[in-house]
Each structure stands twice: as structure tokens, then as C-alpha cells.
There are 2 protein chains.
Amino acid sequence: MEATLEQAVSILRRNQLKITKQRHALLDYLVTYQDHYVAISAVDEHMRTLFAGMSHNTIYRNIKEFETLGLLEVKSADNQTLVKYQCDFEHQHHHHFVCSNCGRVIELQACPLDAYEAQLPGCTITGHRMEIYGLCDQCTAKGVQAN
Amino acid sequence: MEATLEQAVSILRRNQLKITKQRHALLDYLVTYQDHYVAISAVDEHMRTLFAGMSHNTIYRNIKEFETLGLLEVKSADNQTLVKYQCDFEHQHHHHFVCSNCGRVIELQACPLDAYEAQLPGCTITGHRMEIYGLCDQCTAKGVQAN
DNA sequence: CACTAAATCATAATCATTACTATTTAGTTT
DNA sequence: AAACTAAATAGTAATGATTATGATTTAGTG
Ligand SMILES: [Mn+2]
Ligand SMILES: [Mn+2]
Ligand SMILES: [Zn+2]
Ligand SMILES: [Zn+2]
């Protein structure tokens, strides 16, 4: 199921957040990256050309807000924060393969967590993260070299 | 198997890197964090009190070098780079549980990768990362609240 | 249209990390 | 043991991502 911009807007409404043109433009941009992670700083740069005079603060604050609402997935890499428009607002749990050449994200089914619980007696598990890296089928077919 | 400081020093030698007192002090500090991730910026701050006048550059550059040599594990979180003295220089593959209260790292056996390969036909897998988060047995026993 | 809390702008600050160049030093050679 | 030299470090400043602040604007409401 693809998450749409309209869904996101209605989630803002449901949480009594104002639908500003800045927020709309930001979501509009993020929705084009449904299947890629983008650096917030790149989003920032883009928005500020597209939307003259938009404040850093506005972009960063809203992205944080969107994360809280579950509209975005966030991760940290290489001293940057990367975001990706959430695949599915119903929070269906899954993992990702990320192409290190084109950045494409492929969703993976199943979760390895169960297999590890027995190794952590007495511990409280609150979360986990698993990601696989490599070259997607298209990039592999093109003969791109893995770094 | 615990990795020792002497092993690290001999790996520097083997790679024709000079054993400076700065490098030795740095390794000496990192080895005390065998089972925790530490922010490089925190290592930097500590080394500069302990070793008056040590340059940022020296710390960051050497940590990068140590990573290349396989002496350190590195990850990115919260706009910082975290490092951990490698558990085992023979690169025995495994995953981690990280306590979000005390930071303790517990090693996990087995790897979930195989189960996913069938879902990525035509792709080239070059790496993966899996981590489980929560409270370790000691912190759970103390009644620490999970955030 | 007026109201007001929420959101944005504009600017500057902060923090981690990197760049640069003169100086020092570990390890080697004479 | 002194000389040599490539490698490493110090000291300083720059960069880049992100956050803070306080004045101004605006979305949504009645
Ligand atoms: Mn997904
Ligand atoms: Mn380990
Ligand atoms: Zn690709
Ligand atoms: Zn713990």
C-alpha cells in the first residue's frame, strides 16, 4: 500500500496541526521520495531554492514533527539525518534493502527478531533495526561496481 | 575472545604505522570501552584533558585509521559517530544488543541474512546491519524504565 | 473581520568534524 | 649515537549540519 499526500494531510488535521503552505510543499517534496532515503540537509537546500526565504528551522522542526506523527522514517548516517516518506502509515513492520548506488529501497518481509529473543534472557527488548546493503537488481544488471 | 591492546599495537606495526604516544594513549582509552559504544566527540574531549594540547585532527584521523585496520566498529547515531573497540580482530561475524540505559553491548550469535536472500533476486548484497535495543538484564532487574 | 495560538522568518549560535601548514618525531640509516 | 626523512602532530581556522532566539506573520476559528 502506497502512502499518499492526502493521508498525510489528514493526519496533520487529526492532530490539530495547521496546514501551512510550507508544510504542504514539504510533504509534496517528500512524497516524491517514497522509495529513497534523503538527507534532511538536501531537503533543506532544495526547499529553500524552491520556496525562497524558507527558514532552516521550519524545515527541521516540521520534519521532526512528521516523524513523531509516523509520517517519516528516520535514520542517521555519515553525520547526517536521512528521512524517507513512510511506506505505510499503518506501521506494518518490515525491513529494508538499500541500494548503495541508486539509493532505491526494497521492502523485505519477515523479521529476524524472534530468533534472538532466547539469547537475551532477562532483557527487555524495545526495538531493533535491520538493513541490508548492496546493489539493486537494476544496478547489478547495469554492471555497476560495488564499493 | 577479548581483543587486547598488544594485538592492536602489533597490527599497527604490521601495517607500518608508527607507534606514537598519542596513538598508544588513544588505544589505551578505547580498550576500556570494549563493550560500549562511545561518541568520537566524547573520546576527543577526554583525550584532550588527559593529553594536553592533543589535536582534534589527530584523534579523528587515527580513529578513521583504526577503523580501516579493523580495530574499531563504527556506527552513526544522532548526528555523531560512535565507536567501539572491536570485540574480535579475527572478524567473527555477529550482531549486537545495545542497552539503551547503560549502553552495555551483548553479543548475539547467528545472522539473519540467509533468510532474506531469496527476496532479493538479481541484487548484490554487500553488507547488512542488525541491532536490537532495549534494557539489559541488569538494568531490567533494577527496574529501570524503558523510554 | 477580528482574534489568538501556532507557525514562520531572519539571524546568529552551537557542535561535530575537517582542512591547512608549520613543526615535531618514530623509525631507519649511516 | 647523530643524521635523515617520511609520517605524524599541533595549532588554528573553516565548514557544514543542526538548533536557538525573538520578532513577525498566518491558519483556523467564531
Ligand atoms: Mn519501508
Ligand atoms: Mn561485537
Ligand atoms: Zn540500485
Ligand atoms: Zn543496561
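Only this structure's heavy atoms are used, side chains among them; waters, hydrogens and symmetry mates stay out. Protein chains get the first letters and strands the later ones, always in sequence-line order, with residue 1 at the start of each.
The listed nucleotides are D:dA8, D:dA27, C:dT8; the one nearest the side chain of B:Leu17 is D:dA8. Distance from the side chain of B:Ser41 is smallest for C:dT17 among the nucleotides D:dA27, C:dT17, D:dA10.
Note on B:Thr81: every side-chain N or O is 4.0 Å or more away from OP1 and OP2 of C:dA16. Side-chain N/O atoms of B:Arg61 include none lying less than 4.0 angstrom from OP1 or OP2 on C:dT18. In this structure, B:Lys64 reaches the C:dT18 phosphate: one of its side-chain N or O atoms is under 4.0 Å from OP1 or OP2. Phosphate contact (OP1/OP2 of D:dA10, side-chain N/O of B:Gln22, threshold under 4.0 Å): present. For the OP1/OP2 pair of D:dA7 and a distance below 4.0 Å, the side-chain nitrogens and oxygens of B:Thr20 include no atom meeting the criterion. Contact annotation: A:Tyr60 side-chain N/O to D:dT18 OP1/OP2 distance is under 4.0 Å.
Between B:Ile40 atom CD1 and B:Ile63 atom CD1 the span is 4.5 Å, to the nearest 0.5 Å. A distance of 11.0 Å separates CZ of B:Arg13 from CG of B:Leu17, quoted to the nearest 0.5 Å. With rounding to the nearest 0.5 Å, the separation of OH in B:Tyr116 from CE in A:Met130 is 4.0 Å.
Atom CE of A:Met54 and atom P of C:dT11 are 17 Å apart (whole Å). Atom CG in B:Leu12 sits roughly 19 Å away from atom P in C:dT25 (whole-Å rounding). Distance, A:Ile19 CD1 to D:dT29 C1': 15 Å, rounded to whole Å. Taking atom CE on A:Met47 and atom P on C:dT8, their separation rounds to 11 Å, with Å as the unit. Remark: P of D:dT15 and CD of A:Gln80 are 17 Å apart, rounded to the nearest angstrom. A:Ile59 has its CD1 atom 14 Å from the C1' atom of C:dA7, to the nearest Å. A straight line from CD1 of A:Ile63 to P of D:dA17 spans 13 Å, rounded to a whole angstrom. In this structure, B:Asn15 atom CG and C:dG27 atom P are separated by 14 Å, rounded to whole Å.
Looking at A:Asp44, its side chain has no donor and acceptor atom pair within 3.5 Å of the base of D:dT18. One N or O donor and one acceptor, one from the side chain of B:Ser55 and one from the base of D:dG11, sit under 3.5 Å apart.
Checking A:Asn79 against A:Thr58, the closest nucleotide of DNA chain C that is more toward the 5' end is the one next to A:Thr58. When each of B:His56 and A:Lys18 is assigned the nucleotide of DNA chain D with its nearest heavy atom, B:His56 is the one assigned upstream, toward the 5' end. Between B:Asn57 and A:Arg23, the residue whose closest nucleotide on DNA chain C is further toward the 5' end is A:Arg23.
For the pair B:Glu131 and B:Arg129, the salt-bridge criterion is met [side-chain N within less than 4.0 Å of a carboxylate O].
Between B:Tyr33 and B:Tyr37, a ring centre-to-centre spacing not shorter than 6.0 Å is recorded.
Here the side chain of A:Tyr60 pairs no donor or acceptor atom with the backbone of A:Asp44 at under 3.5 angstrom.
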